[in-house]
Amino acid sequence: MADMKAFDEAIWRVAATIPEGRVIPYGELARLAGYPGYARQVSKALAKAPKNLDLPWHRVIAKPGRIAFAIGEPAFERQKGLLQSEGVAVLKGRIDLQQFGWSGVSDASPLPAEEFFR
DNA sequence: AAACTGACTGATC
DNA sequence: AGATCAGCCAGTT
């Protein structure tokens, strides 16, 4: 990858569209933005995102449904709080996949749907 | 310039 | 389920 500037902006653009109450894995976000294999760089793009963009960074999680920060870490608590405040249950650092209906993956599922809920 | 680092993933045991 | 390991890839040492 040559220019990370374009990468960052592509990530920010897609991240901004993640609906409230839903989540998406880093790798999936990267793929949707056109950069498959760039999961690790997504975290960096989010970290450096301009504050005025007000991106829903908390809706971006690690697979399979796990908050990337270490449990107990301030950032972990912050993300957990934001998710819970919009109806996403978090148990032991994990998103409660049950709430989306394990069987009814179709429409009530988080953004990445099929892939995320394999 | 080689080594190390991490808000990642997938395979294996 | 939980731990480990190896790929991953740009940034930082």
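Note that these values count all heavy atoms, side chains included, but never hydrogens, waters or copies made by symmetry.
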Would you tabulate the pairs of protein nitrogen or oxygen atoms and nucleotide nitrogen or oxygen atoms of nucleotides 1-5 of chain B closer than 3.5 angstrom?
none

Tabulated below should be each protein N or O lying under 3.5 Å from an N or O of nucleotides 1-6 of chain C; please produce it.
none

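A:Phe69 is linked by a ring pair (Phe, Tyr, Trp, His ring centres under 6.0 Å) to nothing, counting only residues two or more places apart in sequence or in another chain.
For the pair A:Tyr38/A:Lys44, no side-chain contact is recorded, criterion being any heavy-atom separation below 4.5 Å from C-beta on. Inter-residue side-chain proximity for A:Tyr26 and A:Gln41 is flagged as unmet; no heavy-atom pair is nearer than 4.5 Å.
Sorted by first and then second residue, the salt bridge (Lys or Arg N to Asp or Glu O under 4.0 Å) pairs with a member in residues 4-13 of chain A read A:Lys5-A:Glu9, A:Asp8-A:Lys48; sequence neighbours excluded. Screening residues 50-61 of chain A for salt bridge (Lys or Arg N to Asp or Glu O under 4.0 Å), with sequence neighbours left out, gives A:Arg59-A:Glu86.
The distance between atom OH of A:Tyr26 and atom P of B:dG10, rounded to the nearest whole Å, is 14 Å. Atom CG in A:Asp8 sits about 13 Å away from atom C1' in C:dC9, given to the nearest Å. Whole-Å rounding puts the A:Lys48 NZ to B:dG6 C1' distance at 13 Å. Atom CZ in A:Arg78 sits about 11 Å away from atom C1' in B:dA7, given to the nearest Å. One interatomic measurement links the two molecules: CD of A:Glu28 to P of B:dT9, which rounds to 10 Å at whole-angstrom precision. Rounded to whole angstrom, the span from the NZ atom of A:Lys63 across to the C1' atom of C:dG7 amounts to 15 Å. A straight line from CG of A:Asp3 to P of C:dG11 spans 10 Å, rounded to a whole angstrom. Going from atom CD1 of A:Ile61 over to atom C1' of B:dT9 covers 14 Å, rounded to whole Å.
Contact annotation for A:Tyr38: backbone-only contact, meaning every heavy-atom pair under 4.0 Å involves sugar-phosphate atoms and none involves a base.
A side chain to side chain contact (heavy atoms under 4.5 Å, CB included) with A:Val90 is found for one member of A:Leu83, A:Ile61, A:Val23 and no other, namely A:Leu83.
Among the nucleotides B:dA7, C:dA10, B:dT9, the one closest to any side-chain atom of A:Leu46 is B:dA7. Among the nucleotides B:dC8, C:dG11, C:dC9, the one closest to any side-chain atom of A:Gln41 is C:dC9.
The minimum heavy-atom distance between A:Ala33 and A:Ile11, with the atom names listed, is CB-CD1, 3.7 Å. Annotation for A:Tyr35 and A:Ala10: closest pair CE1-CB, 3.8 Å, computed over non-hydrogen atoms.
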### Summary
The dot-bracket string of DNA chain B, counting Watson-Crick and G-U wobble pairs with both distances under 3.5 Å, using [ ] for crossing pairs and | for pairs to another strand, is .|||||.||||||
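Under the 3.5 Å distance criterion, the side-chain polar atoms of A:Trp12 are left unmatched by any main-chain donor or acceptor of A:Leu55.
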### side-chain contact (heavy atoms from CB on, under 4.5 Å) evaluation trace for A:Arg66 with A:Ile95
CA-CA 6 Å; A:Arg66 185 182 122 263; A:Ile95 302 302; over 6 Å; no
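A:Glu28 CD to A:Ile18 CD1: the interatomic distance, rounded to the nearest 0.5 Å, is 10.5 Å. The CZ atom of A:Arg94 lies 14.5 Å from the NZ atom of A:Lys80; values are rounded to the nearest 0.5 Å.
Checked by distance alone, A:Arg40 brings no side-chain donor or acceptor within 3.5 Å of a matching partner on the base of C:dC9.
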